[in-house]
Q: 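Here you go, one structure.
Atoms within each ligand, like the ligands themselves, are counted from 1 in listed order. Only a predicted model underlies this, so the values are computations on that prediction, with no experimental measurement involved.
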Amino acid sequence: MQELQLLLVLAALVLLSFLSPATSCTEQEKSSLLQFLGELSPDSSSKLSRSWHSGTSCCMWEGIACGNNGTVTELSLPSMVLEGPISASLANLTGLRRLDLSYNSLSGELPPELVSSGSVVFHDVSFNRLNGKLQESSPSLPHHPLQVLNISNNFFAGEFPSTILEKKSDLVAINASHNTFSGELPFSFCISSPSFPLLDLSYNLFRGSIPAEIGKCSSLRVLKASNNDNINGSLPDELFGASMLEHLSFLKNGLEGKLDGKQITNLKNIVVLDLGSNNFIGDIPDSIGQLKRLEELHLDYNRMSGELSSALGNCTNLKIINLKYNNFRGELLKVNFFGLLNLKVLDLESNKFSGEIPESIYSCSNLTSLKLSSNKLYGQLSPRIGNLKSLLFLSLSKNAFVNIANVIHALKNSRKIHTLILGTNFKGENIPEDITITDGFQSLQVLSIPSCSLSGKIPLWLSNLAKLEVLDLSNNQLTGSIADWIHGLNFLYFIDISNNKFTGDLPTAIMLMAMLQSDTVAIQLDPRAFEQPVYAGSSLTYGKNNALPSMLYLGNNMLTGAIPSEVGQLKSLTLLNLSFNSLSGQIPQQLFDLTNLQVVDLSNNLLTGSIPPGLSNLHFLTTFDASNNDLEGWIPADGQSSYPYNFSGNPKLCDPTLTRSCDSAEAHPVSTVSGEETTPKIVFAIAFGAFFCLGVVYDQVSQIFTPLFVTLLEMSLFANIYSTICHSICHLCGLPAVDVATAEKK
Ligand SMILES: *[C@@H]1O[C@H](CO)[C@@H](O)[C@H](O)[C@H]1NC(C)=O
Ligand SMILES: *[C@@H]1O[C@H](CO)[C@@H](O)[C@H](O)[C@H]1NC(C)=O
Ligand SMILES: *[C@@H]1O[C@H](CO)[C@@H](O)[C@H](O)[C@H]1NC(C)=O
Ligand SMILES: *[C@@H]1O[C@H](CO)[C@@H](O)[C@H](O)[C@H]1NC(C)=O
Ligand SMILES: *[C@@H]1O[C@H](CO)[C@@H](O)[C@H](O)[C@H]1NC(C)=O
Ligand SMILES: *[C@@H]1O[C@H](CO)[C@@H](O)[C@H](O)[C@H]1NC(C)=O
Ligand SMILES: *[C@@H]1O[C@H](CO)[C@@H](O)[C@H](O)[C@H]1NC(C)=O
Ligand SMILES: *[C@@H]1O[C@H](CO)[C@@H](O)[C@H](O)[C@H]1NC(C)=O
Ligand SMILES: *[C@@H]1O[C@H](CO)[C@@H](O)[C@H](O)[C@H]1NC(C)=O
């Protein structure tokens, strides 16, 4: 009986010890953790110290988890804004299996004791500021349980110690990307740890050729070494021994040579092959058709040539074919796209493909991006392109396609398409005007049809493109006036209709565009497509950066009338070009309220009157061109330095930098002086001016001023202040002025 009772009590105790939450950790563990806390910068650890105090069991502390027997098994403090070093005391937590300190601002070295820990299985210190070398304290430990080491996004440098990867048979993944490791790729570990599956070494400074040892890594499934710039030589035969590879990326390096048809078939499991931005030559081997699992083929930005292998049509899992910027040629008709029903992205931009677009492409109903710009393609698009219901991005520019009306008709019912880049085709056709849009084009954000010599008027159907953000119709032969309905396009912020034959007055409506009026320039194009149009140089192209400036380009047309004072409402505008028109009247003062302006081109018009005050409000100017007009009076002081201003070709303008006297200056009322002038200042100015400016004008600066003052004048800041005052005064005195800085240099 008694024995049974004892047994029951014992059983209950055992049960209790299992059920009760782990509440104790050893004093030693507690002090190791408190030491870690103590070494962090005090500001950053204050939030943590609220829960981490010695009175409670450390198993209850924030970010800590303990095992059943109370041993600390997990330290998980991601995104806690922690600063300071990682204490080596953490290596004393002998039961620690999971360490996650990612997304903090921890700095200093990673303690070698921690790297060699005999307990840690998951080690994530990614997204910190750790630096120095990666080192182990005792590389000869018999068993390392380490499975995952994520040290990406830090500042680690020096060689990557291959020993870290050796004899660790449990390793699953190492991510060392986004650091500054250098030296050769560390593949000698493949000899001792052949079963290792995932290695990411991208965005480092590795150099030299790919070591032959890689072939021993027979279990490698993911290998990324992109963006190292300096990995060179050809793909070694041994690489193709890693036949388990599913993802291979050497994007953006200096690799060269041909893709060997025999070798490539060894990569039977390859899903993603990314060799873009290298120096590969030769063609795509026919044996590519045997890579049945291939989903992504990136060979962009190389020097590859030849015709497209028809075998590509056998890779039925392909989702992305990216061959842009190579020298591929021949007809696309060779490839049977009927088999590629999973294709989402076909990017053949900037090659030498010729012929027509093959009908089979239109059966790839999952296609989201079709990029064929800058080739030698011709002919018409089939109306079947309208069947590509998933299509978001279509670029056909710089080919020799005909019949733009067909393209617009075929796509006008598409509800998804958001980017249409069609320029430099359709030579001399009419822009289609008789199109009725009911519920199509409802996602269209970018419409770009420049350089087609299109004639006709801006078609009314554009007014239905409610989501339009970017409109480029530049370099055509379009006529008529700019319609008032344009201001109904509430999201439009990039307008280039320059180099056409538009007539009529500059409409006030265009100054009331909602998006250009918004104070915050927070417009982002839809990020769904990989690449978006960007404004590069002076034309619209497309690339990775998806922020376009807000701009209004109406230059080189036949617009007349004055610049409406409502221009002052275009608060977010950064680029304004009204050059080469016949605009008349004054420059509205409100123009200088647009403080985001970077480029203003008003040149080659018929603008008259004086330059209103306020030019100095435009702090971000890189160009202000008002040349070849009929402006008169004084250039405001801020406009007198040659950069970024150009006022040449205005014969009535007093231009002190050219030491041109201004006969008509006396006729100018005081009101042309900056409005900030006050009466006492004017009184002072007249006295000051009579003394100094006369001298400046009629004598050499150096003859009046002491050498010290002249030295001060040479400091441009001082000179500018001086010239500001002086010109204002000379204005009042009705005297021509000389720019002191210029005069002194002579
Ligand atoms: C606690 O359990 C772990 C295994 O979960 C073991 O490694 C460790 O030695 C134990 N600690 C104590 C103090 O019993
Ligand atoms: C780890 O513990 C040992 C003794 O248990 C101690 O001597 C050592 O200072 C500790 N190390 C750190 C870094 O706290
Ligand atoms: C670090 O890498 C591991 C393994 O790939 C992954 O599980 C973990 O989520 C990564 N950490 C972060 C912060 O992305
Ligand atoms: C490695 O980490 C980076 C982020 O730091 C991540 O973008 C990348 O996908 C990771 N690599 C692998 C193979 O998971
Ligand atoms: C690779 O680059 C190194 C310098 O980083 C150079 O010494 C070597 O000759 C290059 N190898 C090849 C095959 O271009
Ligand atoms: C592509 O597939 C077809 C039919 O399955 C086959 O006849 C042809 O040989 C394959 N081509 C290549 C290069 O694999
Ligand atoms: C298109 O993609 C969807 C999922 O994105 C998939 O379910 C469907 O099977 C694909 N269609 C074809 C024809 O492959
Ligand atoms: C303004 O437009 C005209 C006509 O298109 C062009 O020649 C000029 O270069 C443009 N100005 C600037 C600053 O881009
Ligand atoms: C200023 O404009 C004139 C006429 O448009 C031009 O010839 C000259 O090169 C321009 N000067 C500068 C510095 O850009």
Side-chain angles (χ1 to χ4, degrees), residues 159 181-185 204-212 225 228-237 239 250 252-258 278-281 303 423 450-451 453 471-478 482 494-502 506 535-541 548-559 563 573-583 591 597-607 611 618 620-631 635 639-651 653 655 657-658 660 742:
E159 301 223 342
F181 287 114
S182 54
E184 290 229 332
L185 288 169
N204 278 289
L205 304 170
F206 289 110
R207 54 173 46 230
S209 51
I210 303 172
N228 278 289
D229 297 329
N230 286 316
I231 298 174
N232 62 5
S234 49
L235 296 177
D237 290 351
L239 173 70
F250 278 101
K252 213 160 179 281
N253 278 294
L255 293 169
E256 59 191 33
K258 294 184 176 182
N278 281 286
N279 299 314
F280 288 106
I281 54 168
R303 289 189 263 134
S451 308
S453 311
L471 177 64
D472 184 355
L473 297 174
S474 60
N475 295 302
N476 283 299
Q477 306 280 330
L478 300 174
I482 301 170
F494 180 108
I495 303 163
D496 189 350
I497 54 173
S498 58
N499 303 313
N500 278 289
K501 293 176 172 170
F502 291 116
L506 195 56
Y535 187 71
S538 59
S539 65
L540 191 64
T541 169
L548 280 171
S550 66
M551 75 172 222
L552 188 54
Y553 268 32
L554 308 178
N556 200 15
N557 279 293
M558 299 185 296
L559 300 170
I563 303 173
L573 199 63
T574 54
L575 312 178
L576 175 66
N577 192 340
L578 304 174
S579 66
F580 294 97
N581 279 293
S582 300
L583 300 174
L591 181 65
L597 278 174
Q598 291 170 14
V599 172
V600 181
D601 194 344
L602 307 175
S603 66
N604 298 284
N605 277 292
L606 307 169
L607 298 171
I611 299 161
L618 308 183
F620 303 121
L621 276 184
T622 58
T623 301
F624 185 97
D625 194 347
S627 63
N628 298 332
N629 277 290
D630 200 18
L631 299 169
I635 299 172
Q640 283 173 11
S641 64
S642 60
Y643 177 83
Y645 307 99
N646 192 340
F647 289 106
S648 70
N650 286 282
L653 212 51
D655 186 346
T657 57
L658 300 177
R660 185 188 300 133
T742 319

Q: What is the minimum heavy-atom distance between Ser550 and Leu573, and which atoms define it?
A: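 So the two residues come closest at OG-CA, 3.3 Å.
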Q: What are the polar N/O contacts of ligand 5 with the protein below 3.5 Å, with distances?
A:
unit_1	atom_1	unit_2	atom_2	d
ligand 5	2 (O)	Asn232	ND2	2.3
ligand 5	5 (O)	Arg207	NH1	2.5
ligand 5	11 (N)	Asn232	ND2	3.0
ligand 5	14 (O)	Asn232	ND2	3.4

Q: Just jot down the ligand 8 atoms closer than 4.0 angstrom to any heavy atom of Asn577, in number order.
A: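 Per the distance check, 1 (C), 2 (O), 3 (C), 8 (C), 10 (C), 11 (N), 12 (C), 14 (O).
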Q: Heavy-atom contacts with Tyr553 under 4.0 Å: which atoms of ligand 8 show up? List them by number with element.
A: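 Counting from 1, the qualifying ligand atoms are 14 (O).
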Q: Using a plain distance cutoff, I'd like to know if Asn499 has any nitrogen or oxygen under 3.5 Å from a nitrogen or oxygen of ligand 8.
A: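 Asn499 vs ligand 8: N/O contact under 3.5 Å present.
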Q: At their closest point, which heavy atom of Glu184 faces which heavy atom of Pro211, and how far apart are they?
A: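 In this case the closest contact between Glu184 and Pro211 is OE1-CG, 4.4 Å.
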Q: With only distance considered, is Asn646 within less than 3.5 Å of ligand 9 through an N or O on each side?
A: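 Min N/O separation from ligand 9 is below 3.5 Å for Asn646.
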Q: Between the main-chain N or O of Ser603 and the side-chain N or O of Asp601, is there a donor-acceptor pair closer than 3.5 Å?
A: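 Judged by distance alone, yes, a pair lies under 3.5 Å.
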Q: List every atom of ligand 9 that sits less than 4.0 Å from any heavy atom of Asn628, numbering the atoms from 1 in the order shown and giving each element.
A: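 Here the atoms of ligand 9 in question are 4 (C), 5 (O).
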Q: What part of Asp625, side chain, backbone, both or neither, has a heavy atom within less than 4.0 angstrom of ligand 8?
A: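 It is neither; nothing of Asp625 touches ligand 8.
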Q: Quick one: which ligand 8 atoms are inside 4.0 Å of a heavy atom on Val599?
A: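 What qualifies from ligand 8 is 13 (C).
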Q: Would you say Val600 and Leu602 make side-chain contact, with heavy atoms under 4.5 Å?
A: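 Result yes, sub-4.5 Å side-chain heavy-atom pair found.
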Q: Minimum heavy-atom separation for Phe250 to Ala225, with atom names?
A: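 Closest approach of Phe250 to Ala225, heavy atoms only: CE2-CB, 3.5 Å.
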Q: Are the side chains of Ile497 and Leu478 in contact, using a 4.5 Å heavy-atom criterion?
A: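 The answer is no, as the side chains (C-beta and beyond) never meet within the 4.5 Å cut-off.
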Q: Is there at least one pair of N or O atoms, one from Asn556 and one from ligand 8, spaced under 3.5 Å apart?
A: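 Checking ligand 8 against Asn556, no N or O pair falls under 3.5 Å apart.
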Q: Is the closest heavy atom of Ser603 to ligand 9 under 4.0 Å?
A: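 Distance cut 4.0 Å: Ser603 fails for ligand 9.
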Q: Can you tell me how the ring of Phe206 sits relative to the ring of Phe181, calling it parallel under 30°, perpendicular over 60° and tilted otherwise?
A: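 Ring orientation of Phe206 relative to Phe181: parallel.
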Q: Asp625 side chain to Ser627 main-chain N or O, any donor-acceptor pair under 3.5 Å?
A: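 Confirmed, Asp625 side chain pairs with Ser627 backbone.
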Q: Between Asn557 (side chain only) and Asn581 (backbone N and O only), is there a donor and an acceptor less than 3.5 Å apart?
A: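 Absent.
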Q: Hey, does the side chain of Asn230 reach the backbone of Arg207 with a donor-acceptor pair shorter than 3.5 angstrom?
A: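 Looks like no, no N/O pair under 3.5 Å.
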